[in-house]
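Heavy-atom basis, side chains included; hydrogens, waters and symmetry copies ignored. First listed ligand is number 1; within each ligand, the first listed atom is number 1. We number each residue from 1, following the sequence as shown.
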Amino acid sequence: MKEVDLTTEIGGLRLKNPVLVASGTYGYGLDYRDLYDPGLLGGIIVKGLSLEPQEGNPPPRIVETPCGMLNSIGLANMGVKEFVKVQLPLLRELDTHIIANIYGKTSEEYQEVAQILGDQEGISALEVNISCPNVKRGGLLFGAEPISAHEVISSVRRVYKKTLIAKLTPNVTDISPIIKAVEEGGAEAISLINTLRGMAVDIHTRRPKLGSGFGGLSGPAIKPIALYFVYRAVRSTNLPVIGIGGIVDAEDAIEFFLVGAKAVQVGTANFVNPKAPIEIIEGIRAYLEYHQMGDIKELINSLKEC
Ligand SMILES: Cc1cc2nc3c(=O)[nH]c(=O)nc-3n(C[C@H](O)[C@H](O)[C@H](O)COP(=O)(O)O)c2cc1C
């Protein structure tokens, strides 16, 4: 039987399969290499990079919740310059796309990080995380309003020539104007969702369980919300959409393909089952074979509407 075609395209990027690993859940790309070859993945999205190294938030920074987790890592990272010097040479050895996730406190900072990465061989695309507070506008998330979302994406676009993905926050009432804004700003694809804001309280100490008070919810608990965001996004833009949120197995991933995602990212599942992304790739292949589909493109956006 002919091998099932799992290749998919995200803007100018051709992925050998549609399963990527989500930023912040896979370190700088090499943490799981003793368990399997990360080159088998469709792509690796590294931990969010900023201009200068960041220590992140006070501990505790992780709390388990029903069917998920809260994190308040606070985007701790080694900084883009150290990443380029130390990690990137190792990542270039892998037979897959490396996508850098970036963030900043101002649009100028985003631009500087993008400029540094734009010159680097071995980075295939940028995923711009606009779920961060905009310091110039009183801490409101860049991705929570169209004007600042557009400002960040267009400033990155001016200096970055390769594939640009805008990663959107679900902490908004309507995602459509944000999608329009990033599209006009020059994004070639969108990925969603980032975490949902949440908190947990210790009833004995009467304090928040997270050191910073609140954090971002991820894992299976958010999957139905993520799926709905992707469903809405696919119906409001022609840009390719990458689905993220609570994907732990192939069935979850297939739901996202059915509503129109062209690729998916596996996040929190990496902490529970480090081989989840590989099992998901195999599961998608088995599903396509079982349903006699020769190509993942037959599955994508094939939802029967009610
Ligand atoms: C511990 C942790 C760290 C994260 N760090 C980042 C990050 O640096 N940049 C980013 O865009 N998203 C970050 N995320 C969000 C994930 O990439 C993903 O969008 C979210 O967790 C939803 O997917 P999941 O339910 O599969 O985990 C982080 C998530 C977790 C759990």
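- Here the shortest heavy-atom distance to atom 19 (O) of ligand 1, taken over Q265, K223, K167, K47, belongs to K167.
- Considering backbone and side-chain N/O of L75, none are found under 3.5 Å from N/O of ligand 1.
- The nearest pair of heavy atoms linking I123 to K162 is O-NZ, 2.6 Å.
- Close N/O approach between S23 and ligand 1 is found [any backbone or side-chain N/O within under 3.5 Å].
- Heavy-atom proximity to A22, at under 4.0 Å, picks out these atoms of ligand 1: 17 (O).
- A salt bridge is defined here as a Lys NZ or Arg NE, NH1 or NH2 lying under 4.0 Å from an Asp or Glu carboxylate O, and E282 with R285 meets this definition.
- Between I193 and ligand 1, a contact under 3.5 Å exists for at least one N or O pair.
- Among protein heavy atoms, the minimum distance from atom 29 (C) of ligand 1 is reached at N71 ND2, 3.7 Å.
- Looking only at heavy atoms of the protein, atom 23 (O) of ligand 1 is closest to I244 CG2, 3.4 Å.
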Step by step, would you call S50 with N77 a side chain to side chain donor-acceptor pair (under 3.5 Å)? CA-CA 7 Å; S50 51; N77 77 102; 2.8 Å; yes
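- Closest to atom 3 (C) of ligand 1, if we only count protein heavy atoms, is G24 O, 3.4 Å.
- N194 OD1, 3.4 Å is the protein heavy atom nearest to atom 15 (C) of ligand 1.
- Considering both main-chain and side-chain atoms, T195 never comes within under 3.5 Å of ligand 1 through any nitrogen or oxygen pair.
- Closest non-hydrogen pair, V234 versus A261, comes out as CG2-N, 4.3 Å.
- Ranking the protein heavy atoms by distance from atom 21 (O) of ligand 1 puts S218 CB, 3.3 Å first.
- When the salt bridge (charged side-chain N to carboxylate O under 4.0 Å, His left out) test is applied to R14, the partners found at least two apart in sequence or on another chain are E9.
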Show the atom names and distances, to 0.1 Å, of all donor-acceptor pairs under 3.5 Å that link a side chain in residues 39-49 to residues at least two apart or in another chain.
none

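- In plain terms, the two heavy atoms of T268 and M69 that are nearest each other are CG2-SD, 3.6 Å.
- Heavy atoms from other residues, nucleotides or ligands lying under 6.0 Å from OH of Y36 number more than 12.
- Polar contact with ligand 1: present for N129 (N/O pair, distance under 3.5 Å).
- Of all protein heavy atoms, the one lying nearest to atom 24 (P) of ligand 1 is G246 N, 3.5 Å.
- Some N or O of G219 is nearer than 3.5 Å to an N or O of ligand 1, by distance alone.
- Among all protein heavy atoms, the one lying closest to atom 11 (O) of ligand 1 is N101 ND2, 2.9 Å.
- Between Y287 and H291, the two ring planes are tilted [angle within 30° to 60°].
- The only option from E145, H150, E151 that meets the side-chain hydrogen bond (donor to acceptor under 3.5 Å, both in side chains) definition with S148 turns out to be E145.
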